[in-house]
Asker: 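Right, I'll just put the structure down here and ask away after.
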Amino acid sequence: MTRFVRWTALAVASALLAAGCAGGSSEDDKGGLSWSRCKATADAPAPSSEWQCATLKVPLDWSEPDGETIGLGLIRAKARGDDRVGSLLFNFGGPGASGLSMMPSYAPTVSQLRERYDLVSWDPRGVGASEGVRCRGDKEIQAAESVDVTPDTPAEEQAYFADAADFAQGCRKDAGKLLAHVSTADSARDMDRIREALGDDRMNYFGISYGTELGGTYAHLFPKKVGRMTLDAVVDPGADTVGHAQNQARGFQRALNGYLESTGQDPGQGSRKIADLLRRIDARPLPTATPGRKLTQTLAVTGIVLPLYSKDSWPTLTSALDAAERGDGSELLALADGYNERDPSGRYGTTTHSQRVISCLDDRQRPTVARTKQLLPQFEKISPVFGRFLGWDMAGWCHDWPVPGQHDTPEVSAPGAAPILVVGNTGDPATPYEGARRMADELGKGVGVMLTWRGEGHGAYGSGSDCVDSTVNAYLLDGSVPEDGKVCS
């Protein structure tokens, strides 16, 4: 089971570029940070010497600030110019994306920002070098790929929910007491501790995808500490579990329609053709070039999703769909493996594990099977390709979760905060554009400043728009706040 939330286009590109912090450094006696060269891990060599790593101790439970602590892994590269503003903290989404692995690979995209900022990121609690959670082993993950996540029979339903319960128990066993302390609010409080340790008076921040929800939560908790904050590829803060799933169904279908039109196909007919292919795969998984592995319906949907994150990947989707129509599932399997962070040796990444433990602690809604079945026709009307998948996901994602969730929707109102730049992309599949307008409104009048890009793909900055990039750079580098409602086409 995979929820389509994280900023996957970047996650896949940098999945094997993890920068290890284990044993690299530690917090010093003055409460600051002791930085040293990042160390290699079992999965990847260390990044170049311009990158430094450190570990910051924070409370396990923020309601007991003097109690047990956990370590957060941080990474930074110092500003190149002399006119330094401070640190710019990045979160790349997920939830569950590793800042340690992504920051070095993303640095070329924000090279102008590095002239005046130290580029800093971290692994949020429950992720990677910061008490990362692994809920099941590689063989168990691969075996679970055969579970039908759009069950059609009572037996398939039973297997689906048994797998979900097994995953939840694996998370409980691995995370222990941490499982109740990995919420977005916990990480927002960690962010303020990071700000203090970096020596910054204000939080300068760049949040992408789920990182926008984290940024909005920080602004709500610490409005007077907000400096220059950019939120790109915005998660709708007003959407509950059902609303978020429907938003994603709508967003990915919208992106698929754009892809189909680009190939000269009618979106309705093209979608029905793909839906028919998925039904055939559900009944009879396709063979692949990988011994012992077949393309299941779940893997096929995941493989279709990945190229929709970036318009540059649309030709890859054409080739994979054509191969599947010929009875070869190899290309869609390779795309699904990229999304699921599976390497050629059969090892899987743990982003989706962290994603689930964080989101299930945040979200207290647990749609029942009956409610899910009632809503499935709505989902299938929104998207004949993705609707059923995302509809069933509501019921299974946090099924039998060991700890209760905290809220229906996150609180992001930030009265008194400095202006926050909210960037929405009209063609965004994973975080549809409407969520950006909602975030700007909920941050509050005079706080949320809306910038629109009429483009395609997940996220706007660094996606080919000089208008977007120059507007964001002027805001972050010089404090130039654009007019609310500015549009880049």
Side-chain angles (χ1 to χ4, degrees), residues 1-4 6 8-9 11-12 15 136-153 155-157 159-160 163-164 167 248-249 252-253 255-256 259-260 263 265 270-310 313-349 351-352 380 383-393 396 429:
M1 224 181 320
T2 300
R3 181 166 286 191
F4 304 139
R6 57 199 174 96
T8 313
V12 171
R136 56 176 36 154
D138 294 326
K139 291 183 179 179
E140 295 169 306
I141 296 172
Q142 182 171 321
E145 291 175 347
S146 64
V147 175
D148 191 337
V149 300
T150 57
D152 304 301
T153 67
E156 288 180 347
E157 281 186 32
Y160 175 63
D163 178 71
F167 189 92
Q248 288 216 307
F252 278 105
Q253 185 62 48
L256 183 65
Y259 157 74
L260 290 168
T263 64
Q265 300 180 69
S271 293
R272 286 191 291 273
K273 181 180 178 181
I274 293 173
D276 182 63
L277 172 65
L278 292 172
R279 281 191 290 271
R280 298 199 308 269
I281 294 173
D282 188 25
R284 181 174 296 179
L286 297 182
T288 73
T290 305
R293 298 187 73 204
K294 291 187 176 183
L295 180 75
T296 63
Q297 183 192 46
T298 303
L299 290 169
V301 172
T302 306
I304 292 169
V305 158
L306 179 59
L308 295 179
Y309 275 85
S310 171
S313 299
W314 286 2
T316 305
L317 179 56
T318 298
S319 177
L321 287 172
D322 288 346
E325 287 286 0
R326 296 193 305 268
D328 181 1
S330 302
E331 293 184 41
L332 280 176
L333 178 64
L335 290 169
D337 284 349
Y339 192 102
N340 293 328
E341 300 176 308
R342 185 187 193 273
D343 69 20
S345 71
R347 297 182 63 187
Y348 290 81
T351 300
T352 55
E380 291 179 296
S383 173
V385 175
F386 306 110
R388 190 171 178 83
F389 185 101
L390 287 163
W392 274 108
D393 180 75

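Just so you know, these numbers come straight off a predicted model, no measurement behind them.
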Asker: Determine, step by step, whether L278 and F389 satisfy the side-chain contact (heavy atoms from CB on, under 4.5 Å) criterion, reporting the C-alpha distance in whole Å, the side-chain angles of both residues, the deciding distance to 0.1 Å, and the verdict.
Answerer: CA-CA 11 Å; L278 292 172; F389 185 101; over 6 Å; no
Asker: Quick one: salt bridge (charged side-chain N to carboxylate O under 4.0 Å, His left out) pairs with a partner in residues 320-330, sequence neighbours left out?
Answerer: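 Output for this query lists R280-E325.
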Asker: Under the side-chain contact (heavy atoms from CB on, under 4.5 Å) criterion, do R136 and D163 qualify, and how do the steps go?
Answerer: CA-CA 11 Å; R136 56 176 36 154; D163 178 71; 3.1 Å; yes
Asker: Is T263 reaching over with its side chain to a backbone N or O of L260, donor-acceptor style, under 3.5 angstrom?
Answerer: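 Yes, T263 side chain to L260 backbone: donor-acceptor pair under 3.5 Å.
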Asker: Identify the two heavy atoms, one from Q265 and one from G270, that lie closest to each other, and give their separation to 0.1 Å.
Answerer: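 So the minimum-distance heavy-atom pair works out to OE1-CA, 3.9 Å.
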Asker: Over all heavy atoms of both residues, which pair between A300 and L295 is shortest? Give the atoms and the distance, please.
Answerer: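 Residues A300 and L295, closest heavy atoms: N-CD1, 3.7 Å.
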Asker: Side-chain contact, heavy-atom cut-off 4.5 Å: S271 with Q253?
Answerer: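 When only atoms from C-beta onward are counted, Q253 and S271 do touch, with a gap below 4.5 Å.
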Asker: I304 pairs by side-chain contact (heavy atoms from CB on, under 4.5 Å) with which of L277, L335, L299, I274?
Answerer: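 Single side-chain contact (heavy atoms from CB on, under 4.5 Å) partner of I304 among L277, L335, L299, I274: I274.
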Asker: Could you walk me through whether L256 and F386 pass the side-chain contact (heavy atoms from CB on, under 4.5 Å) test, one step at a time?
Answerer: CA-CA 10 Å; L256 183 65; F386 306 110; 4.1 Å; yes
Asker: Does any N or O in the side chain of E156 come within less than 3.5 Å of the main-chain N or O of P151, such that one atom is a donor and the other an acceptor?
Answerer: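 No; zero donor-acceptor contacts below 3.5 Å.
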Asker: Can you give me the closest heavy-atom contact between A289 and S330, atom names plus distance?
Answerer: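 Minimum heavy-atom contact is N-OG, 2.8 Å.
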Asker: List the atom of P307, the atom of G303, and the distance in Å for their closest heavy-atom pair.
Answerer: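 The pair with the smallest heavy-atom distance is CD-O, 3.0 Å.
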Asker: How close do A249 and G387 get, heavy atom to heavy atom, and via which atoms?
Answerer: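 Of all heavy-atom pairs spanning A249 and G387, the closest is CB-CA, 4.4 Å.
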Asker: Rounded to the nearest 0.5 Å, how far does CG of L308 lie from OG1 of T316?
Answerer: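 The distance works out to 11.0 Å.
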Asker: Closest approach of L332 and A324, non-hydrogen atoms and distance?
Answerer: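 The answer is CD1-CB, 3.9 Å.
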Asker: Working to the nearest 0.5 Å, report the span between CG of D138 and OG of S345.
Answerer: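 D138 atom CG to S345 atom OG measures 7.5 Å (nearest 0.5 Å).
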Asker: With rounding to the nearest 0.5 angstrom, report the OH to CG distance, Y160 to D148.
Answerer: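 Between atom OH of Y160 and atom CG of D148 there are 9.5 Å.
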Asker: Determine whether a donor-acceptor pair (N or O, by modelled atom type, separation under 3.5 Å) exists between the side chain of S146 and the backbone of A143.
Answerer: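 Yes; at least one donor-acceptor contact below 3.5 Å.
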Asker: Just wondering, do F252 and V385 contact through their side chains at under 4.5 Å, heavy atoms?
Answerer: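 No, too far: nothing below the 4.5 Å cut-off.
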Asker: Taking the side chain as every heavy atom from C-beta outward, state whether W392 and E157 have any atom pair closer than 4.5 Å.
Answerer: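 Yes. Closest side-chain heavy atoms under 4.5 Å.
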Asker: For D152, is there an ion pair with R388 - N to carboxylate O distance below 4.0 angstrom?
Answerer: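 Salt bridge between R388 and D152, a charged N being under 4.0 Å from a carboxylate O: yes.
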Asker: Take L333 and T290 through the test side-chain contact (heavy atoms from CB on, under 4.5 Å) and record every step on the way to the result.
Answerer: CA-CA 9 Å; L333 178 64; T290 305; 4.0 Å; yes
Asker: Which of parallel (below 30°), tilted (30 to 60°) and perpendicular (above 60°) describes Y309 and Y339?
Answerer: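 Tilted, since the angle between the ring planes falls between 30° and 60°.
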Asker: What residue pairs, at least two apart or across chains, pass salt bridge (charged side-chain N to carboxylate O under 4.0 Å, His left out) with a residue in residues 282-309?
Answerer: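 Found E145-R293, R293-D337.
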Asker: Y259 and T318: side-chain donor and acceptor closer than 3.5 Å?
Answerer: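 A pair is found: one side chain offers a donor N or O, the other an acceptor, under 3.5 Å apart.
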Asker: For R342 and Q142, which I'm curious about, is there any donor-acceptor pair between the side chains at under 3.5 Å?
Answerer: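 Indeed, the side chains of R342 and Q142 share at least one donor-acceptor pair under 3.5 Å.
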